[in-house]
Amino acid sequence: MGSLSTNTFSFLDSDGFTNDSKMVIDFIADYYKNIENYPVQSQVKPGYLLTKLPDTAPYCPESLEDVLKDVTDSIIPGLTHWQSPNFFAYFQANASTAGFVGEMLCTGLNVVGFNWISSPAATELESIVMDWIGKMLKLPSTFLFSGNGGGVLHGSTCEAIVCTLAAARDRTLRNIGAENIAKLVVYASDQTHSTLLKGVKLVGIPSSNFRCLSTSFSSEFSLSPQSLEDAIENDIKAGYVPLFICATVGTTACGAVDPVMDLGKIARKYNLWFHIDAAYAGSACICPEFRHYLDGIELADSLSMNPHKWLLTNMECCCLWVKQPRLLIESLSSNPEYLKNNASESNAVVDYKDWQIALSRRFRALKLWACDS
Ligand SMILES: *Cc1c(COP(=O)(O)O)cnc(C)c1O
């Protein structure tokens, strides 16, 4: 055949795969069995690995036994053991057997679901699972596909924030003209995660237009609606255009919760995009006794939450729900000939490539589905 196709065989042959993967699974199971024996924080010095590995890749293949021996001798000492029961930094113990099984299925099937036709199940399962979790969180139906909103899985909150900022930016610039981008202002409390400022810079809004509003001990470090409204009024008087307010449910430094309902009312009054970052604490809102932290969510435009923090989902997995997917798509879509669905389907399907930064995407929904099943 004169084609360049390499698809006449696969580099993953079933027999070798069965043996090798069993060995790796046993290795991982042993690791978990012994995890408490390791010092939680790695004790190595910077550059330690260079002294342990050769300068160039080996010319001849090595056996899996040798590779696993290298993992034991060279890699494990350089790990900080996030899954150890003695690990209390950041977010811990997010792995689960269900998450791992889902991750294996994702890696094993290895499809690339950038649009519907490239793997219909990848898209459809993701939409279904996003509606499931939305219902577990008792989100208003306007965030669900069944209510003309919808959700997408990103790798991280950073990506979710960049995409929502881009959607908000373009919605407003369509009204005021792209030349006014330097007038757009973004608001959050001084407890907001650093990802927001990164997002502001990435979407081309001057970082000096990021209003980092003070919080205090006396208000448990939550953002005061009055200080938001004062800042918005000041900015309008000075000729700026208020664009975006990010509230946090569960801040990184101290677990503060911003008053979603009151901030939402101000967002609606001034027509700002209202995003809620509930990266780790959002999962807790599935419990009826914590759901009240999301009261007022109906006033928001978007919500992001990382199941890879508190929902026993292996890395990495961030849920983003939006009320108006159209606005994300208008900012992020690209439609070259080679990425089109069949014409008869194209209006009826979701193309997740238009809901995220990257084109290629993993079948993450399998993992979340396995965790929720
Ligand atoms: C962890 C965290 C983030 C950053 O999440 P990534 O997925 O690593 O980008 C943002 N906001 C809050 C509140 C967080 O806890």
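Atoms within each ligand, like the ligands themselves, are counted from 1 in listed order. Throughout, residue positions are numbered sequentially from 1 according to the sequence presented.
When hydrogens are left out, the protein atom nearest atom 8 (O) of ligand 1 is Ser156 CB, 4.4 Å; that is the closest non-hydrogen contact. If you check which protein heavy atom lies closest to atom 14 (C) of ligand 1, you get Lys309 NZ, 3.0 Å. For atom 10 (C) of ligand 1, the nearest non-hydrogen atom of the protein is His193 CG, 3.2 Å. Protein heavy atom nearest atom 9 (O) of ligand 1, with residue, atom name and distance: Cys158 N, 2.9 Å.
Contact annotation: for Asn306 versus ligand 1, heavy atoms closer than 4.0 Å belong to the side chain alone.
Judged by the 6.0 Å distance and 45° axis criteria, Arg169 is not positioned over the aromatic ring of Phe244.
Atom CZ of Phe114 is separated from atom CG of Asp354 by 12.0 Å, given to the nearest 0.5 angstrom.
Phe87 has its ring centre no less than 6.0 Å from the ring centre of His81. No close placement of the Tyr280 and His193 rings is indicated, their centers lying 6.0 Å or farther apart.
The Gly250 neighbourhood of ligand 1 comprises atoms 13 (C), with distances under 4.0 Å to a heavy atom of that residue. Interface of Thr252 with ligand 1, defined as ligand atoms under 4.0 Å from a residue heavy atom, comprises 12 (C), 13 (C), 14 (C), 15 (O).
A donor-acceptor pair is defined here as one N or O able to donate and one able to accept, closer than 3.5 Å; such a pair exists between the side chain of Gln43 and the backbone of Gln41.
Distances from atom 6 (P) of ligand 1 to the heavy atoms of Asp277, Thr157, Thr248 put Thr157 nearest. Counting only non-hydrogen atoms, the option in Ala279, Gly282, Ala278 that gets closest to atom 12 (C) of ligand 1 is Ala279.
Ring pair Trp82/Tyr90 is parallel by interplanar angle, where below 30° counts as parallel and above 60° as perpendicular.
Partner of Val200 under the side chain to side chain contact (heavy atoms under 4.5 Å, CB included) criterion, chosen from Ile205, Val162, Val185: Ile205.
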